[in-house]
Amino acid sequence: MVFADPGEALARARALLDAEPSPLDASVAHQVIGIWQRDFGDLRLALHHLRRARECAARADSADREADVLATLGVALVHAGRTREGLAAFERGVARGAGHTRARVLYRRAYVWWVLGHHREALEDVRRAVPVLRQADDVIWTARALTLRATVHLALGSVERAEADFTAAEALWETTGQEHDKADAVESRGLAAFRSGDVPAALRLLDEAEERYARLGTPTFMLNIRRCEVLMAAGLAPEALAEADAAIGRLDGLGGQSTRKAELLLAAARAARPAGDPHTAIARAALAVRLFAGQRRTWWETHARLVLIEARHAAGRGSGRLVADAAAVATKLASFGSPAAPEASLLAGRIALDLGWTADAERHLAVAARSRRSGPPLARMTGWAAQALRAQAAGSARGVLEACRRGLDVLDDHRMTLGASELRARATEQGAELAALAQRASLVSGGPRRLLVWSERWRATVLSTPPTRPPADPELLSGMTAFREIASRAEAARMEGRPVPALECEQRRLEREIRSRTLHMRGEAPGSGDRFDVGRLLERLGDEVLLVELAVLDGRVQVLLCGRGRVRRFEAGLLAEAETEAEHVQAGLRRLAHPGAEARLPVVEAAGRRLEELLLGPAAAQLGGGPVVIVPPGRLHRVPWALLPSLRERVLSVSPSAGSWLRARETAPPPEGCHVLVRGPGLATGGAEVPELAARYGCATVLEEDGARVPRVLEELDGAALAHIAAHGTFRADSPLFSSLRMADGPIVVHDFERLARSPYRIILSCCDTARLASVGADELLGLVTALLPLGTAGVVACSAPVNDAAVVPLMLALHKGLDAGLSLAEALRDARASLPGDALHQATGWAFSAFGAA
């Protein structure tokens with residue numbers, strides 16, 4: 001019962017002890033309490049009760065009872081870090097038990113071997129136990145043994161064998177009432193899905209397991225460890241670090257298993273480095289190494305040493321000693337049959353290259369490169385990264401580019417299994433090094449065209465294919481409705497000055513639930529989207545339009561000027577300086593949105609001139625007088641490009657990538673699309689431009705007041721030719737896909753727009769902060785604009801800063817006047833800026849808006 005209904009089992013065991021039971025019954029009761037405390041509570045109490053259980057079994061003169069208790073005690077001692085005592089208890093248990101009981105003892109010793117990282121010994125013990133348990137028709141323990149064997153197979157990289165055992169075990173679990181074991185089986189299937197490369201299925205199964213554990217009221221430390229691993233692979237390292245640290249805090253509060261604490265520390269260390277905190281990674285990994293060593297868990301200790309060396313290297317501590325340590329770890333991991341061995345060899349080769357030890361580097365990288373031919377995607381990525389570094393060390397640009405191409409193809413295939421646009425974007429981080437290596441090789445040997453191709457190869461890839469549409473999941477839809485209602489109530493309470501902590505807490509809970517369900521989506525689109533073609537781009541640009549793509553290599557901006565049949569390269573300033581200047585500009589625009597800040601205008605204009613020097617350099621003098629398309633890197637998405645002197649008076653549009661601009665340019669408008677005008681609540685002007693636009697367009701659909709509710713707005717936007725939305729916008733840096741526009745019944749968020757079959761061909765967002773985007777992955781952007789572009793929108797006008805509502809009205813009316821005259825969004829926006837009064841407030845408003853795409 002302790003694994004079917006843990007709380008009830010604990011209560012009954014305590015009640016039995018209160019009734020002065022026989023020594024045999026008392027032994028069972030103490031053992032149950034010991035198991036409960038061992039797995040769900042205080043390990044010290046567990047050891048106390050298990051020793052009492054053994055004493056009672058000895059008094060009852062039952063060899064089988066004593067053997068069974070010794071096995072449970074052995075597990076608890078190992079989890080307490082007292083490995084030698086635990087293994088000694090198993091020796092006595094195996095000797096005392098016979099037949100069926102002995103098989104159960106062997107199963108538990110196999111579990112302990114797995115905990116210690118002795119996988120071959122674990123397989124041997126479970127191999128001896130399974131036939132006896134089957135012969136005894138012991139369904140529960142047979143299922144446990146199969147689940148354990150599958151888990152050991154996964155640790156050794158044998159995914160197919162593991163899946164066969166998991167399938168067999170699950171069939172057995174369905175015939176039992178062992179709810180905790182069933183939850184563990186779901187968790188284990190999640191691990192198997194992850195090992196086979198199916199991240200969405202892994203997240204779904206781990207979430208399901210967590211729900212099952214929650215119904216039983218039991219802690220989930222092993223689940224936390226496994227989820228951290230999956231979150232890391234999904235590019236969600238900060239979340240993995242937060243989960244591991246929170247679990248460590250709960251475990252310490254319980255006085256729980258020392259073995260689990262060491263594993264959680266290792267999970268935290270693994271997450272801290274990609275989360276940008278190598279010093280935390282060093283601290284967590286060093287403590288994990290000490291704990292594993294004290295627990296005599298060599299397999300685990302070696303994996304922790306790998307993470308420690310990686311963190312030290314990331315912190316800039318390269319040395320010959322570190323090369324030797326990484327090489328020793330690689331050898332040891334290979335002897336264990338660990339899938340992490342190539343990663344260690346790659347690390348040794350990378351550090352050796354940094355030191356200029358080319359012969360040593362070649363030896364280690366050659367070993368790591370063997371993994372490029374087989375295994376899960378991330379293991380093959382490791383192999384191709386090693387191969388690219390080998391080619392770079394040998395001076396072979398062609399070899400570098402081929403290895404990078406093959407590695408990024410592997411990651412493309414993996415990325416397209418992910419349905420959620422957030423996961424697709426974050427997954428690109430794993431290809432950042434390959435993309436950078438290819439760009440460097442292109443710069444040295446291939447000329448501007450090749451550099452352009454490789455800059456595009458890993459830029460804004462999420463926009464190359466439409467995202468998977470969220471499923472018609474009733475729970476997801478009801479969750480979105482509940483979220484909207486709570487968010488609306490919270491906003492109303494804030495406006496009235498009432499406290500909202502309870503509403504905010506519920507809103508965060510609903511956001512987590514919606515996001516979790518979205519991350520479970522699998523990708524549907526095969527392949528990796530359109531391949532970028534320089535010739536096609538130049539043909540579309542013609543002789544009038546210039547496209548300026550900004551690539552960043554080793555911290556410096558490279559300007560690629562495309563048009564008039566050729567690609568030219570210019571070198572500009574440092575990215576870090578440009579980012580700092582862009583922040584100053586944003587601060588200035590925020591000030592200018594309020595009357596009385598006119599004195600700031602010359603300061604903002606001067607910052608615009610400095611930005612031009614840093615971002616365009618000598619290319620600014622080569623722009624001519626025609627239209628310009630700017631393709632900035634993700635970290636510069638907030639630059640108000642119209643503020644730069646050489647761009648201020650011209651037709652200007654912005655695109656996340658050259659490929660994205662091409663797709664927008666070639667997107668046909670809907671044959672019978674309508675005009676939709678939406679006016680949200682709470683605007684200072686009341687959305688004053690909307691009634692005038694309604695009169696201008698005549699047959700436009702107008703949604704306002706109670707009619708501007710999210711379901712109706714989405715229905716009308718789907719397939720529209722032109723949409724104009726006047727509403728309050730909110731950008732969520734912490735969760736960009738919950739960036740929103742306020743409607744009558746609450747916020748409409750990016751997740752809502754992703755449900756559209758086809759977003760409006762043109763959309764004008766007369767709202768603050770709608771062009772703000774979160775830079776994630778290698779060079780990806782998440783936000784409202786990037787959600788619309790893959791769904792059929794060819795042009796967007798949006799704002800990258802807070803703006804003055806009153807000053808927006810004349811800009812919008814002038815913009816629509818240009819559209820009426822047949823102009824594109826970029827042309828109409830240029831003319832609309834020129835028509836505004838020359839005061840600081842209106843000038844700043846015009847600079848804050850940008851045209852995206854090509855419509």
Side-chain angles (χ1 to χ4, degrees), residues 276 314 316 350 353-354 356 381 384-385 387-405 407-408 411 428-461 532 534 537 546-562 566-582 610-620 622 629-637 639 641 654-660 775-781:
R350 201 192 300 277
L353 272 183
D354 291 344
M381 283 282 297
W384 285 115
Q387 186 69 6
L389 289 173
R390 290 178 74 195
Q392 184 188 50
S396 171
R398 177 179 291 183
V400 171
L401 295 175
E402 174 63 12
C404 292
R405 182 185 67 78
L408 292 177
L411 192 49
T428 60
E429 179 63 35
Q430 291 147 351
E433 181 188 23
L434 288 173
L437 284 170
Q439 283 181 304
R440 288 192 198 100
S442 300
L443 187 63
V444 170
S445 67
R449 279 195 179 219
R450 182 173 287 175
L451 180 56
L452 176 63
V453 168
W454 278 101
S455 296
E456 281 290 301
R457 178 66 179 80
W458 213 238
R459 178 197 292 263
T461 59
F532 176 69
V534 177
L537 173 69
L546 289 178
L547 183 140
V548 180
E549 177 146 331
L550 305 183
V552 179
L553 273 84
D554 299 321
R556 185 168 289 278
V557 178
Q558 304 290 330
V559 183
L560 296 171
L561 193 58
C562 312
R566 60 180 177 153
V567 180
R568 291 175 288 164
R569 182 179 70 85
F570 302 86
E571 195 167 275
L574 295 174
L575 176 66
E577 293 180 13
E579 285 184 285
T580 301
E581 206 62 60
R610 288 194 296 275
L611 264 179
E612 179 167 300
E613 293 170 11
L614 290 166
L615 295 177
L616 299 181
Q622 306 296 319
V629 181
I630 296 287
V631 178
R635 288 162 62 182
L636 294 175
H637 69 276
V639 171
W641 296 97
V654 182
S655 182
S657 70
S660 176
S775 179
V776 300
D779 201 0
E780 303 293 326
L781 294 166

Just by distance, do the side chain of [X] and the backbone of [Y] share a donor-acceptor pair under 3.5 Å?
| X | Y | result |
| --- | --- | --- |
| Arg556 | Ala572 | yes |
| Glu456 | Ala658 | yes |
| Gln558 | Arg569 | no |

message: Apply side chain to side chain contact (heavy atoms under 4.5 Å, CB included) to residues Asp554 and Arg440 and explain how you reach the verdict.
response: CA-CA 9 Å; Asp554 299 321; Arg440 288 192 198 100; 2.9 Å; yes
What distance do [X] atom [atom1] and [Y] atom [atom2] have between them, rounded to the nearest 0.5 Å?
| X | Y | atom1 | atom2 | answer |
| --- | --- | --- | --- | --- |
| Gln622 | Leu616 | CD | CG | 11.5 Å |
| Leu553 | Glu571 | CG | CD | 9.5 Å |
| Leu401 | Leu434 | CG | CG | 11.0 Å |
| Arg635 | Leu781 | CZ | CG | 12.0 Å |
| Leu408 | Thr428 | CG | OG1 | 10.0 Å |
| Glu581 | Leu611 | CD | CG | 5.5 Å |

Closest approach of [X] and [Y], non-hydrogen atoms and distance?
| X | Y | answer |
| --- | --- | --- |
| Gly399 | Ala391 | C-CB, 3.5 Å |
| Pro632 | Val654 | CD-CG1, 3.9 Å |
| Cys404 | Ala388 | SG-CB, 4.1 Å |
| Ala435 | Trp458 | CB-CB, 3.7 Å |

Under 3.5 Å, sequence neighbours excluded: what are the donor-acceptor pairs made by side chains of residues 447-455?
{"from": "Ser455", "atom 1": "OG", "to": "Gln439", "atom 2": "NE2", "distance (Å)": "3.0"}
{"from": "Ser455", "atom 1": "OG", "to": "Leu451", "atom 2": "O", "distance (Å)": "2.8"}

- prompt: Is the number of heavy atoms from other residues, nucleotides or ligands within 6.0 Å of CZ (Arg568) greater than 12?
  reply: yes
- prompt: Do Val629 and Val548 pass the side chain to side chain contact (heavy atoms under 4.5 Å, CB included) test, and can you show the C-alpha distance, the side-chain angles, and the key distance before you say yes or no?
  reply: CA-CA 6 Å; Val629 181; Val548 180; over 6 Å; no
task: Inspect the contact between Arg405 and Glu402 and indicate whether a charged nitrogen and a carboxylate oxygen are less than 4.0 angstrom apart.
output: yes
query: Does the side chain of Val567 come within less than 4.5 Å of Glu549's, by heavy atoms?
result: no
field: Among Val639, Leu614, Leu636, Leu574, the one residue meeting side chain to side chain contact (heavy atoms under 4.5 Å, CB included) with Glu579
entry: Leu636
